[in-house]
Amino acid sequence: MCRPAPRSRLPAITRTDMEQYTMTPQDEDRLIEAEFQDVLNGYLNSNHRKKVEIIERAFRFAKKAHGGIRRRSGEPYILHPIAVAKIASQEIGLGSTSICAALLHDVVEDTEYTVEDIEQQFGKKIAQLVSGLTKISGGIFGDKASAQAENFRKLLLTMSEDIRVVLIKMADRLHNMRTLGSMAPNKQYKIAGETLYIYAPLAHRLGLFAIKTELEDLSFKYEHPGAYSEIQQKIRESEERREAVYHDFSSPIVDRLKGMGLKYEAKARVKSVYSIWNKMQTKNIPFEEVYDLYAMRIIFDCDDPSQEKTICWNIYAAITDIYRLHPERTRDWISNPKANGYQALHLTVMGPDGNWVEVQIRSRRMDEIAEKGFAAHWKYKIGESDEESELNVWLRTIKDILDDPNPNALDFLDTLKLNLFSSEIVVFTPKGELLTLPNNSTVLDVAFNLHSQIGTKCIAGKVNHKLVPLSHKLMSGDQVEVLTSQSQKPKAEWMDFLATAKARTRLRAALRREVAPAIEAGKETLMKFLADGQVEPTNEVITKIMAFYHVQSRDAFYQKLGQGEISLDGYVLKDSPNTSPSLLKKIFRITGKSRKNAEAASAAETKPAPQKINPKEVYKLKYGAKEKNFVFSDCCHPIPGDDVMGFINDEGLVEVHTLACPRAAVLKASFGPRIVATEWETVESQSRVMIEIDGVDRHGILQELISMISSDLNIDIRSLHIDTTNEVFHAMLEVLVRDTHVASALCSRIRKIKGVQKAVRKEI
C-alpha cells in the first residue's frame, strides 16, 4: 500500500540554515524526517513497486544505529545515508531494495551491527548489497599496499554478482564529493584524485553520464580551484554571446522539425568545466580557442521503439539539408550501441559563424539510458537486449582482471582504469562474431580476448584478408583472423601495444609463469648475499641495491639476477666497465656491517633528512639554493607556483608531483593516507623550463625572440634548438625562471611576436 502524503507540512529547514546557527535536537529531528520524506515522495512518484514498509524500517534502523554521530560538517550523520538513498532513487532510478541498502550502507562499518543483523532484519539480498558496500582494511596486496585498491577489488567482485552495488557506491561517492568542502586539504586531494582516476571512468562505463560529468567537475574544482573558477567565470561572461550564436544555428533546424510534426525538445548542451580544461591542456590552446563549447541535443518522443531509428535518420537528413556535414564526424550509436548501452546519432555540421557544431539526436528512451545508464534498463525491459548482454561481457572482463592470482595494487588500478575509460571500436571474427574493443586495439588484443593460449601463441594476423603484424592497430569494421604458432612464446615488449585490460592481465600472468623460476632463483641469490654480508634484507636495503642497478621493480631485479644479467659475485652489471671490490661498500659505505650502519651511511646522502610530517596540515615546500625539504619525482618536473601535491614515500620524505601527473593520479587513488596538501614558500631560486614554439619563419624573428627574452625580460637562456621546414619553424627553448607565473608570462609574450603561432611549456 502506498504511504499517504504527510498530514501537515513542516517549515523547511536546509543545510545552509545549519551552518548559520546551532540547531536544537527537535529542529534536527524535523530536518531528518523532512529529508527522508523527500526520498519517499520521489520513490512514490517512480514506476517501481511501492514497498514503503521496508524502506520505513530501514530508515528507522539506520537512524537509531547512527544516533548521536555527526559528520565533519557538524550535521547528523544519518543525513548522509538519506542523501545517498535520494541520489540512488531519483538521479539513478533504483528501487526499494537499493534504497534500503543505501540507507543502511554505513551501519556495518560505523556501528556495532553486523551483516548478519542486517540479513535477519531485512533479508539476504539487502544484506549482500550492504556487505558489498562496506569498506575493509588490510588486503591481499601486501604490507605497503593500498587498502583503497582492495576496496575497489571487493566492490567489483560484488558488482559482478549484482550491478546495484556499484550504482549505490556511485551515489555514495557523489554525495561525498558534493560535501567535500568540510574535509582537510590532504583528504580533498586524496578523495578528488581517486574520484577522477576510478569513479568518474566507472560512471562513464556504466553509462551514468550526468554523474560522471559532475564527479569530474567536482574533482577538478578541488584539485585546481584557481583554474576552475577562471573557466567558470569565462563561461558566464560568454553566455550571452553563446546564446545568440546557438539561436542563429538552431532556428532553421527548429523550423524544419516543427514542419515534420514531431514532439521533441531541442537544447544546447554546454561543455563541462573539466572537459573544457582538458581540451585546453591537450590542445595547448586558451579558452577563447575552444570553439565547440556547446552541442545541440534533439530529444524526440516515440511510443514505438521500432520507429526510433527511422526518425533519427529523418532528422539527420533535415539538418544536412540546411548545413554542410563534416563527413568524418558522423557516429551511428543506434545500429551499434556503445558497450555501456548508449544509443544516439551524432553528426557535426558547420554553423553560420563558420565553426563546427555537434548535433546529438536521441529518442526519450535513449536519452534516459544515456543519462542513467544501465539503471534505466529496468524501466525498458524487453527481454535480453544487446546492451544487457554487453554489460555481461564487460562484467566477465572485470572478473578476468580480478582472477589475476598475483595482483599488484598499482598495476591493478592501472589495468582496471584502462578497461573503464576508452573510446570503442567494433571488429568481426572470420565467422562474423562481433567484438567491442577499446580504440587503438591491436591484433594481439583480439588474440588475448579470444583466449590466453591464442594470445601467447600469436605470431601475426589477417585483417580484411591481408597479412599484418600482431602490433597492427585495428579500425571499426575490420575483420580479424589470428595466426598462431606452437613455438611462439610471450614477450614483455608486447605490453607496449596492448590496449585492453584483459590482454594486459593475461599477458602479465603468462610472463610471470615464464620467469617465475628465474625470479625465485634471483631472490635466493640476493638473500644469501645479504646474509653473508650480515645485512638485514629490509625494504630500504633492497631498494638501495635496485637503485644501484637502475632497476624499477623487485621482480625485475630478481629476474635479472636469476638469469645472470646482474652478477653479485662481481658486484657489477654484465659487460660494465665499472668494477668495484664490494657492492655493499659502494652502496652503503660499509663492509660486513649491520643494518644500523647501512642506515646511518644512507642517511648521510644529500637528500633532505626525513622529518615528522602531519598529513592533516599543509606542508610548506622550501625550494632554494641552501634548503630543500622535499624531493622531486622522476615522472614530472614541477617548478615553484605549479599546482602540486606531496606523497610521503617509503623513506619518509615528501615526494612532489604536479596534480596533472599520471603517476600522482595513481598515488591519490591508491595511497590516500600518505598524500599531503602542499604550498610553495616564496624563495629566490631558478628552475629549468622548456618552451615549445611553432610559427611561420621570417627574417629577424630569431633575433627578436632572443632580444625579448634576454634583454627585455632578463631571463637566462640555457639552450635553443630550431628546425625550419618549408617556411615553418619548430623551436625548443630552455630557460631559467623563478616560478610558473614567469613561465606563463614568457609564453604569452612569445605568442605576441609576429609569426609565432604557438608557445607552450613542455615537460622536461
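Without hydrogens or angle criteria, Arg674 side chain to Ile648 main chain gives a donor-acceptor distance under 3.5 Å. Thr330 contributes no side-chain N or O that, together with a main-chain N or O of Pro327, makes up a donor-acceptor pair within less than 3.5 Å. Using modelled atom types, no side-chain atom of Ser131 and backbone atom of Ala127 make a donor-acceptor pair closer than 3.5 Å.
Using a 4.5 Å heavy-atom cutoff, the side chains of Glu194 and Arg173 are in contact. A heavy-atom distance below 4.5 Å is not found between the side chains of Gln479 and Lys462. Contact check for Lys523 versus Leu526: no side-chain heavy atoms found under the 4.5 Å cut-off. Looking only at side-chain heavy atoms (C-beta outward), Val443 and Val468 come within less than 4.5 Å of each other. When side chains are defined from C-beta on, Glu308 does not count as touching Ile334, because their heavy atoms never get closer than 4.5 Å. Ser485 is not listed as a side-chain neighbour of Lys457, based on a closest heavy-atom distance of 4.5 Å or more. Side chains of Leu167 and Leu208 form a contact here, defined as non-hydrogen atoms less than 4.5 Å apart. For the pair Met170 and Leu215, the minimum side-chain heavy-atom distance is below 4.5 Å.
For Ser98, the side-chain hydrogen bond (donor to acceptor under 3.5 Å, both in side chains) criterion is met by no residue, not counting sequence neighbours. Evaluation of the side chain to side chain contact (heavy atoms under 4.5 Å, CB included) rule for Glu524 yields Glu520 as partners, not counting sequence neighbours. Applying the side-chain hydrogen bond (donor to acceptor under 3.5 Å, both in side chains) criterion to Thr213, with sequence neighbours excluded, gives no partner residue. Evaluation of the ring pair (Phe, Tyr, Trp, His ring centres under 6.0 Å) rule for His326 yields Trp356 as partners, not counting sequence neighbours. Listed by chain and number, the residues in a side chain to side chain contact (heavy atoms under 4.5 Å, CB included) with Thr442 are Leu444, Asp445, Lys473, Phe497, Leu498 (sequence neighbours excluded). Residues forming a side chain to side chain contact (heavy atoms under 4.5 Å, CB included) with Glu214 (at least two apart in sequence, or on another chain): Leu174, Arg178, Leu218.
Using a 30° and 60° split on the angle between ring planes, His657 and Phe647 fall in the perpendicular class, above 60°. Between Trp313 and Tyr316, the ring planes are perpendicular. Angles over 60° get that label, and only those under 30° would be called parallel.
Atoms CD and CE, on Gln360 and Met366 in that order, are 12.5 Å from each other to the nearest 0.5 Å. With rounding to the nearest 0.5 angstrom, the CG atom of Asn278 is 8.5 Å from the OG atom of Ser272. A distance of 11.0 Å separates CG in Leu450 from CZ in Phe448, rounded to the nearest 0.5 Å. The structure places CD1 of Ile454 at 14.0 Å from CD of Gln488, a figure rounded to the nearest 0.5 Å. Interatomic distance, His346 NE2 to Cys312 SG, rounded to the nearest 0.5 Å: 10.0 Å.
A salt bridge is absent between Glu358 and Arg329: the closest approach of a Lys/Arg side-chain nitrogen to an acidic carboxylate oxygen does not fall below 4.0 angstrom.
In the model, Lys309 has a side-chain atom that pairs as donor or acceptor with a side-chain atom of Ser335 under 3.5 Å.
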